[in-house]
Structures are given as C-alpha cells and as structure tokens.
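In each ligand, atom 1 is the first atom listed, and ligand 1 is the first ligand listed.
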Amino acid sequence: MPLSVTVVGTGYVGLVTGVCLAHSGHQVTCVDIDQAKVDMLISGKSTIYEPGIEDLLIAGRDKGTLAFKTPESGWRDLIGDVTVVAVGTPMAPNGAADLSQVRTVVEALAAAADRPFTLVMKSTVPMGTGASLRERYLDQADVRIGYISNPEFLREGKALEDWFKTDRIVLGASDEADLVLMRELYDDIEAPLVETDVASAETIKYASNAFLSTKISFINEIANLCDCIGADIDSVSRGIGLDKRIGSQFLNAGIGYGGSCFPKDTRALDFIATLNGYQFTLLKSVIEVNNRQRLLPVVHVMRALPDLHERSVAILGLAFKPDTDDVRESPALDIVPLLAEQGAAIRIYDPIAADIAIPGAARVTDVWRALEGASAAVVVTDWVEFTELDWARVRSVMTGPGIIFDGRNCLDPEAVRSAGLTYMAVGREGQHRDDLA
Ligand code: UGA
C-alpha cells in the first residue's frame with residue numbers, strides 16, 4: 001500500500017531516497033530549506049550529479065507522486081506517516097559528526113507533530129544519537145513518534161542501482177509497529193532485512209564504512225610493500241580476492257580513499273571510540289595510511305624532477321572517484337597545493353568535477369591543454385577518458401621525462417611505456433620504493 005512519505009533534506013541521500021520511494025509508488029514530499037534547490041527540483045533538474053536520477057525525478061513529478069517544498073509555512077502539514085531525516089552530518093573541527101542540522105530538524109518535527117508518525121533516520125549519526133533524540137525531543141512531543149535507524153549504503157554514481165538492488169536493509173527499532181511500516185515502505189525491494197535495535201543499526205553504518213576503508217588501506221600497504229620487494233599488486237589483489245572469504249572488491253591499490261563518507265565516518269568512529277574510553281588502534285592506522293598514501297605522487301614527482309619550479313604538472317582528475325562531480329576530500333586537494341608550493345605550474349583537467357578554486361593551479365577544459373608542455377602528469381581519478389588516451393600523442397605534447405604517475409593503477413603500463421613515457425604507479429611491477437618504510 002502506498003505510504004505518505006516526507007524526506008527532509010534534498011542532498012545526496014535525501015534526493016535519492018525521495019526519488020526512489022516515489023518510483024516505488026509512495027506519495028513523497030521532499031523538503032529543503034533552500035528555495036533555489038527546491039525551485040530547481042520542481043523544474044525537473046537534479047541538484048546532484050547521479051546517472052539516471054533526472055529521469056525518475058521527472059517521472060515522479062509528472063505522475064504526481066513526487067513533490068518538492070520548503071518548510072516556510074511550518075512543519076505540521078509536511079509530516080508524513082513516514083518522515084525521513086536525510087540532512088548533513090559534516091565533520092566538526094574535532095573530528096566528531098556535527099549533529100546540529102539533525103537536532104534542528106528533529107526538534108522542529110517533534111514540536112509541530114499533531115498526529116503520530118514514524119521518524120526514519122537516514123543521516124549518518126553516531127551510536128547513541130537515536131536514544132538521545134528520543135529523550136530530548138521525541139518523548140516530549142504530544143503524540144507518539146516512532147524512531148527507526150535506517151542507514152544508507154549508496155555509492156555516488158551507482159546510487160540507483162544500490163537502492164533497488166541493495167545487499168541488505170538495516171532497520172534499528174525499539175517498537176514492532178514501526179518495523180511493520182518499514183517493511184511496507186520497502187515492500188518491492190528484495191533484500192535481506194537486518195532488524196535490530198537502534199544502537200546496533202547505527203553501528204552497522206560506521207562499521208561498514210570503516211571496514212571498506214580498512215580494506216583499501218590494507219591493500220595500499222601491501223602495494224607499498226610490493227614496491228619495496230619487487231612484487232606486483234595487481235596479481236596479489238587478484239590472488240587474495242579470489243578467496244571468497246576476502247572478496248575481490250575494494251582491493252584496488254592507489255592514492256587512497258576520498259569522498260564525503262569514508263574520511264568523515266572513519267574519523268567520527270575514532271572520535272566515538274575515544275569518547276567511550278576505547279582506543280581503536282586499527283582504525284587510527286587506517287586513517288594514517290590513507291593520509292600518507294595521497295602524498296605518494298608528490299614524493300615521486302619531486303624526486304624525479306628536482307627542478308620542479310621550472311616545470312609544468314598536469315593533474316588528471318579532480319573528483320574523488322569517477323562518475324561523480326564530487327570533489328570532497330579528493331586526494332587532488334592535498335596533492336595540488338604541495339606541488340604548487342614547489343613552484344610547479346599546475347593545470348587540472350576533470351571532465352565534470354565541480355568548479356572549485358585551488359590556489360596555485362589553473363583549471364583547463366581539455367585534457368590536451370593540461371598535458372601540453374607538462375613534464376609530469378598525475379592521474380588522480382580513474383576516468384575512462386584517461387585509460388583510453390593516445391599515449392603516442394601524449395608523449396608528443398609532454399616534455400622532459402614525461403612522467404605518468406598512475407595514482408589509481410588504472411592505465412596499461414605497457415602502452416604508456418612503449419610510447420616512451422615514464423610510468424609510475426602504486427605497487428605495480430616492482431618499482432622498488434623504499435621511501436615509505
Ligand atoms: C561509500 C560506500 O561505498 C557506500 O556504501 C556508503 O553508503 C557511502 O560511502 C556513504 O557512507 O554514504 P562513496 O563515498 O560513494 O560510497 O564511494 P566508494 O565507491 O565507496 O569509494 C570511496 C573511495 O574509495 C573513492 O575515493 C575510491 O576511489 C576509493 N577506493 C575504492 C579505492 O581507493 N580502492 C578501492 O578498491 C575502492
């Protein structure tokens with residue numbers, strides 16, 4: 001049966017949630033305080049870059065199952081039987097998750113409610129948040145407000161696929177009545193339901209992201225070791241990934257993870273652990289390895305080109321991964337200023353990444369303009385466009401040793417080398433690096 005659903009926040013998680021639930025036939029209202037965003041969504045334009053989302057957005061709007069509003073005239077009439085909170089939980093300066101937006105919304109909803117509803121938390125919130133929101137706001141309301149912790153596991157660029165073909169749906173609840181409603185909400189999605197208490201559901205979200213980050217930092221350490229001993233990380237990844245207990249995903253070595261989730265969530269989990277008197281040693285190392293890994297291209301380009309102040313460097317890719325315009329916590333944001341500090345002239349090319357100013361670097365709109373006259377190029381994002389480059393032409397436009405630092409191990413080393421370029425990567429074919437030991 002279609003449910004009346006309100007989704008608060010039209011950021012990445014909120015918009016995907018609203019559009020997908022409307023596609024499943026529910027009556028959805030997406031609410032955002034930003035009038036410009038709401039206007040854009042009403043006009044059928046997505047506010048995030050996500051393949052396929054605009055088609056579903058327009059279909060829902062035209063069918064009348066998807067509406068966009070601001071809370072300008074009060075929350076009371078906006079509250080749905082299911083009201084999903086999907087506002088941001090950015091990182092505070094101390095590494096903790098900043099819950100101010102979540103608290104503001106939950107307080108407003110609890111104060112405005114004049115009929116019972118179920119509040120679904122999709123924002124990533126630290127363990128214990130559900131309990132504290134219940135005590136501070138929900139239990140103070142005039143009506144019953146159920147609470148469900150329902151973390152999301154969407155990857156940017158693959159969010160629709162991840163929504164409809166999810167590996168699992170996690171539901172943390174304290175009341176069976178709320179679970180009944182949630183089963184109805186996700187009726188059309190075939191996936192195992194993990195029904196548990198609120199604190200465990202909150203933990204599942206952080207533990208999932210921390211585990212995936214651990215896999216990445218682990219394979220990066222093995223890759224660095226491969227460089228020291230002359231082994232090949234591609235073979236090693238394949239060799240260990242075929243063990244079903246390990247699995248082949250998230251074993252791509254390179255310059256480490258970025259994005260709006262892994263860096264923030266690992267630091268927040270470390271903060272939660274510390275706050276609870278526990279030293280999460282493994283997680284601290286995962287974070288440290290990742291911070292160090294993104295410096296690799298800087299170390300190697302500086303070493304190969306001691307006269308960097310007279311050179312140009314091309315940065316290929318600014319997004320934290322392909323198929324997104326998101327540059328949050330992209331390794332490029334650390335790499336570029338360090339190379340610029342050495343006096344290198346830097347040109348950045350990315351097919352779609354958000355246009356942000358990085359001091360000391362110029363953004364160009366064509367990969368050839370970035371490569372023209374460059375002595376080194378650093379591949380930061382594994383866009384297909386870079387894997388398909390004409391390497392003979394690259395050699396002809398680059399100068400000096402023509403260093404290609406493949407920060408994502410995504411290029412064909414032989415194709416690059418046979419064009420007369422100098423290929424460097426992370427743990428591939430034994431490059432005997434001992435500097436990070
Ligand atoms: C991640 C998780 O994969 C989602 O399940 C989760 O819902 C989401 O965070 C979130 O918490 O909202 P996302 O940040 O979109 O999704 O990106 P991923 O595809 O997981 O990639 C993260 C970073 O790891 C990228 O910088 C990527 O280049 C890097 N990565 C990934 C590697 O360096 N090696 C790998 O093998 C895989």
**Student:** Hey, is NZ on K215 packed in by over 12 heavy atoms from elsewhere, all under 6.0 Å?
**Tutor:** yes
**Student:** Examine distances only and state if a side-chain atom of K321 and a backbone atom of E156 form a donor-acceptor pair shorter than 3.5 Å.
**Tutor:** yes
**Student:** Are E221 and R292 close enough for a salt bridge, meaning some N to O gap below 4.0 Å?
**Tutor:** yes
**Student:** Can you name the side-chain hydrogen bond (donor to acceptor under 3.5 Å, both in side chains) partners of E195, sequence neighbours left out?
**Tutor:** R183
**Student:** Tell me whether D81 contacts the main-chain N or O of L3 through its side chain, where contact means a donor paired with an acceptor under 3.5 Å.
**Tutor:** no
**Student:** Ligand 1: which protein N/O atoms lie under 3.5 Å from its N/O atoms?
**Tutor:**
from	atom 1	to	atom 2	distance (Å)
ligand 1	5 (O)	F153	O	3.3
ligand 1	7 (O)	E152	OE1	3.3
ligand 1	7 (O)	L154	N	2.9
ligand 1	7 (O)	L154	O	3.0
ligand 1	7 (O)	K205	NZ	3.4
ligand 1	11 (O)	K205	NZ	2.7
ligand 1	11 (O)	N209	ND2	2.7
ligand 1	12 (O)	E152	OE2	2.8
ligand 1	15 (O)	E156	N	2.7
ligand 1	15 (O)	K321	NZ	3.0
ligand 1	17 (O)	K321	NZ	3.2
ligand 1	19 (O)	K321	NZ	2.9
ligand 1	26 (O)	G258	N	3.0
ligand 1	26 (O)	F320	O	2.9
ligand 1	33 (O)	R408	NH1	3.4
ligand 1	34 (N)	N252	O	3.0
ligand 1	36 (O)	L251	N	3.3
ligand 1	36 (O)	N252	N	2.9

**Student:** Centre of Y349's six-membered ring, under 6.0 Å away, within 45 degrees of the axis: is that where NZ or CZ of R369 sits?
**Tutor:** no
